[in-house]
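Remarks on the structure that follows.
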Amino acid sequence: MVTGYSANGAVLHTATAAAFRGYNVAVPVDGMSAANPYAEQYTAWHLLNSPGTRNRVVLTKTDFITLSSKLLGKSGSMRIR
């Protein structure tokens, strides 16, 4: 899961780097922001359409993410709707 203030900087590049390394990435759109709305929109569009990220990134909202109490153990899980 990637969140942050600089959608078009830290969020975009952290999520992309994770996807390139084989991770599935959840990006809650209400957990990222930027200096202007266009930067947020571009980041969401880029993550969903770029060849390197489109099969590994899902956009969601924080309300749709639940973390299991077992997450700290060996069989933790994260559900994203």
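All values below were derived from every heavy atom in this structure, side-chain atoms included, with hydrogens, water molecules and symmetry-related copies excluded. On a predicted model such as this, the values are computed, not experimentally measured, just so you know.
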How long is the straight-line distance from OG1 of T14 back to CE of M1, given to the nearest 0.5 Å? 14.0 Å

Distance-only donor-acceptor pairs under 3.5 Å for side chains of residues 50-58, two or more places apart:
unit_1 : atom_1 : unit_2 : atom_2 : d
T53    : OG1    : L47    : O      : 2.8
R54    : NH1    : N49    : O      : 3.3
R56    : NH1    : G22    : O      : 2.9
R56    : NH1    : N24    : OD1    : 3.0

T3 and P28: which non-hydrogen atoms are nearest, and at how many Å? CG2-CG, 3.6 Å

Nearest 0.5 angstrom please: L59 CG to M32 CE, how far? 6.5 Å

N/O donor-acceptor pairs under 3.5 Å from side chains in residues 35-42, not counting sequence neighbours:
unit_1 : atom_1 : unit_2 : atom_2 : d
N36    : OD1    : Y38    : N      : 3.2
N36    : OD1    : A39    : N      : 2.9
E40    : OE2    : A34    : N      : 3.4
Y42    : OH     : H46    : ND1    : 2.9

With a 4.5 Å cut-off on side-chain heavy-atom distances among I, L, V, M, F, W and Y, is there a chain of contacts connecting F20 to V25? no

